[in-house]
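Each chain gets a letter, A, B and so on, in the order the sequences are listed, and its residues count up from 1. Below, all heavy atoms of this structure are taken into account, side chains as well, without hydrogens, waters or symmetry copies.
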Amino acid sequence: MENEKDVLGSVGGAESQERKADFIRQMVADDLKTGRWNGAVCTRFPPEPNGYLHIGHAKSINLNYGIAAEFGGRFNLRFDDTNPEKEEQEYVDSIIADVRWLGADWEDRLFYGSDYFQQMYEWAVELIRKGKAYVCDLNADETREYRGTLTRPGKDSPYRNRSVEENLDLFEQMRKGEFPDGSRTLRAKIDMAHPNLNMRDPIMYRIVHEHHHRQGDQWCIYPMYDWAHGFEDSIEGITHSICTLEFENHRPLYDWFIDAVNEGRTDDGSGPWGRKIHHPQQIEFARLNLTYTVMSKRKLLRLVKENYVKGWDDPRMPTVSGMRRRGYSPSAIRNFCKRIGVNKFNSTVEMALLEHCLREDLNKTSARVMAVLRPLKVVIDNYPADQVEELEAVNNPEDPSAGTRRVPFSRELYIEQEDFMEEPPKKFFRLAPGREVRLRYAYFVTCTSAVKDAQGNVVELHCTYDPATRGGDAPDGRKVKATLHWVSASRACRAEVRLYDNLFTKENPDDVEEGQDFTAHLNPNSLETLRDCFVEPSLTRAKALDRLQFERLGYFCVDPDSKPDALVFNRTVGLRDAWARIQKTQTE
RNA sequence: UGGGGAAUAGUGUAACGGCAGCACAACUGACUCUGGAUCAGUUAGUCUAGGUUCGAAUCCUAGUUCCCCAGCCA
């Protein structure tokens, strides 16, 4: 623990562990130092259950959970379920699973904003009594007209000066369901000329006769976000209510509502209105944007509904469930979230950074295995036809404790088509006529001939092997420039492999021509399915979502569609490929 | 044209009046039974113009550019 930044007790510990604290953590540390919240730190992740979580939500979860964990505070998971028209139990379930998978722990603090509806209702009645809220009979169109514009002030609703008694009575009737949807609202009486549009008598409640996924038909009036959110935070004792930048304009309202309830209340609870309620601090940070994908729920919903992808968990989606199916690990995502930082200005992180974090984690943790995606048959002419050897292969060179396994070797093998060239260009080190290469963990082999079909395509290779190089080393010390992966033709298992690429061809899919939308830049080759792949036999034991490295190819995981007799793998991400870069510069 | 925010290498971030640093990307090279990993190195930055100061990314003034707000969505 460094002492150059000596702050109070455990607070100092938490702070100095974070070498470069972002502005929010600095704020939390300052609050702890000044005793603003009496030592409490309580954050929350408050999703609306109207869609699946994506990598942008992961950033928020990581921030909120990370702060609570680092400062010895609490982290709540709370559904902000105030709009029954958009919300579904399916989304609640997926969000719970995703937050848990990401490693954030809310312990026993899973809450629903809708469980606080009765308390919110009572506070609304209190505002009416204080003359700070009124029932308005304007319809949606009229309300918009009265609101004014960005540059023109609004004008007062004709219903703004109803008596407290009339407002109380009308609001009670609204709650009882005596009015149709949209016919009335409850509004805060603030200032119709306020330069911040959110303060022009914002709507607190609207009438919606709709079944709620959790509250059933108990309510037909539903609170608006601004009215509900601060109270949800207040009730739970949230200290730092962290949200995204677009809510900056809402902060004055967040504060106004809590202050309005607190007006006339006292610290000790004496007086007619009782004790003051807790007033959290709202803090805003910038959303995550990533190149080559889209992040808004609306656009992701369209991709699903219009069948551009196969569902919310399609491995091409930036959703948490899609990334899980793609083969991402929670720690890779967490690490990415740490690296991108937290700020107050919009930025777009390169997909390359995400992929770097992915490879960094997978390199350390995933078992190596051999698989041939585009097979080319190889016959080792001087190897006995009936012989099969079990050769020892290292499971993970980065982790000796992962041990070794045995891989069958036989006279007929498959290698990757792209590992052979009849006329190799400069810098191509792999197999070619007359050239010797190593088969990984097996033998040195030399290509003696290539068999072609009628169209001139190479369909089979003949090689000889050097028995003295068993295991992969030449006793005479001679070197080869390439090592190829391979599988035994007789022992390998057939598998389907799904190769994924960016969903969009443009870094910013929203950068479109007049009249187009983001779908104009969908990548037609974002999914390529290979059905004639071969994998080493050890893979029949792999379970759904197991993460592996196919040597020299990339990281792959077992798709949930996979069955022991019909294996299916997803390519999570390719290995960095120096040869591909050489090829690219040669063709340019 | 009202109000609220924000600008640091290609990208993402650090600096809290005192040597502009880190990571990703790109490029060199070394090493390698994965053209992976690893290691060493290179390229590259304070939105503009003034001012304060011994000293400015940081403070002041003016400007420029970008983002958000006119849902009975969140």
Side-chain angles (χ1 to χ4, degrees), chain A residues 19-20 22 26 46-48 50 80-83 85-87 136 138-140 143-145 147-154 181-187 193-200 202-208 221-222 224-226 228-229 243-252 284 286 291 297 339-357 359-360 363-364 368 370 393-394 397-398 427-430 438-442 444 469 471-473 479-485 507 549-555 574-582:
Chain A
R19 280 170 49 80
K20 285 171 187 171
D22 55 71
Q26 285 182 29
E48 183 189 15
N50 67 345
D80 197 5
D81 53 351
T82 57
N83 182 1
E85 294 177 294
K86 291 188 175 177
E87 297 156 10
C136 180
L138 257 25
N139 65 30
T143 303
R144 191 183 322 115
E145 281 168 33
R147 186 158 31 231
T149 69
L150 294 176
T151 50
R152 294 267 166 270
D181 288 2
S183 60
R184 285 183 166 85
T185 57
L186 183 73
R187 295 228 255 165
H194 201 287
N196 180 345
L197 294 265
N198 295 128
M199 301 297 274
R200 317 243 260 230
I203 290 168
M204 297 160 64
Y205 281 91
R206 73 278 210 183
I207 301 171
V208 183
I221 55 171
Y222 286 90
M224 297 289 289
Y225 167 85
D226 289 301
H229 203 89
C243 61
T244 43
L245 245 31
E246 67 270 27
F247 291 102
E248 264 177 324
N249 295 330
H250 294 245
R251 180 152 31 94
E284 309 85 13
T291 55
K297 273 189 191 173
R339 290 199 190 209
I340 57 178
V342 180
N343 239 320
K344 288 200 68 136
F345 48 91
N346 298 303
S347 58
T348 303
V349 178
E350 288 177 343
M351 186 64 85
L353 179 62
L354 214 208
E355 293 185 343
H356 168 80
C357 294
R359 292 191 185 102
E360 183 180 53
N363 177 48
K364 289 193 206 107
R368 272 60 170 175
M370 289 197 283
V394 175
E398 304 290 321
K427 293 189 181 171
F428 181 87
F429 304 145
R430 285 112 95 144
R438 174 190 295 113
L439 293 180
R440 188 135 161 98
Y441 299 124
F444 283 15
T469 58
D473 281 310
K479 303 285 185 198
V480 287
K481 293 190 87 172
T483 301
L484 310 188
H485 61 279
E507 281 202 1
Q549 185 195 97
F550 288 179
E551 294 224 29
R552 301 211 304 132
L553 296 174
Y555 297 97
L575 251 27
R576 289 191 54 172
D577 190 346
W579 169 238
R581 267 177 287 153
I582 293 167

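Nucleotide B:U58 is matched to nothing when pairs are restricted to Watson-Crick or G-U wobble geometry with both distances under 3.5 angstrom. Pair assignment for B:C39 gives B:G29, based on Watson-Crick or G-U wobble hydrogen-bonding distances that are each under 3.5 Å. Remark: B:G45 base-pairs with no nucleotide; criterion is Watson-Crick or G-U wobble with both hydrogen-bond distances under 3.5 Å. The base-pairing partner of B:U11, taking Watson-Crick or G-U wobble contacts with both distances under 3.5 Å, is B:A23.
Closest-nucleotide positions on RNA chain B for A:Arg339 and A:Lys427 were compared, and the one nearer the 5' end corresponds to A:Arg339. With RNA chain B read from its 5' end, the first of the two nearest nucleotides for A:Gly472 and A:Asn83 is the one closest to A:Gly472.
In this structure, A:Asn346 atom CG and B:G4 atom P are separated by 18 Å, rounded to whole Å. Atom OH of A:Tyr222 is separated from atom P of B:G71 by 23 Å (rounded to the nearest Å).
OP1 or OP2 of B:G71 lies within a sub-4.0 Å distance of a side-chain N or O belonging to A:Arg147. Close to B:A26, at under 4.0 Å from its OP1 or OP2, lies a side-chain N or O of A:Arg576. Remark: A:Arg552 is in phosphate contact with B:G35, judged by side-chain N or O atoms under 4.0 Å from OP1 or OP2. A close approach under 4.0 Å does occur between a side-chain nitrogen or oxygen of A:Ser347 and OP1 or OP2 of B:U13. Distances shown here put every side-chain N or O of A:His485 at or beyond 4.0 Å from the OP1 or OP2 atom of B:U34. When the side-chain nitrogen and oxygen atoms of A:Thr483 are compared with OP1 and OP2 of B:U32, none of them lie within a distance under 4.0 Å. When the side-chain nitrogen and oxygen atoms of A:Arg206 are compared with OP1 and OP2 of B:C73, one or more of them lie within a distance under 4.0 Å. For A:Arg144, a side-chain nitrogen or oxygen approaches OP1 or OP2 of B:G71 to under 4.0 Å. Checking the phosphate oxygens (OP1, OP2) of B:C72, no side-chain nitrogen or oxygen of A:Arg187 falls inside 4.0 Å. Put simply, A:Asn363 has no side-chain N or O that comes within less than 4.0 Å of OP1 or OP2 on B:U34.
The base of B:C16 lies close enough to the side chain of A:Gln26 for a donor and an acceptor atom to sit less than 3.5 Å apart. Applying the 3.5 Å distance criterion, the base of B:G10 shares a donor-acceptor pair with the side chain of A:Glu350. Counting distance only, with no hydrogens placed and no angle test, the side-chain atoms of A:Arg368 and the base atoms of B:U34 include a donor-acceptor pair under 3.5 Å. With hydrogens and angles left out, the side chain of A:Glu246 and the base of B:G4 share no donor-acceptor pair within 3.5 Å. In this model, a side-chain donor or acceptor of A:Asn249 finds a partner on the base of B:C68 within 3.5 Å.
Annotated as syn: B:G71, whose glycosidic dihedral is within 90° of 0.
For the residue pair A:His485/A:Arg552, the side-chain donor-acceptor check at 3.5 Å is satisfied.
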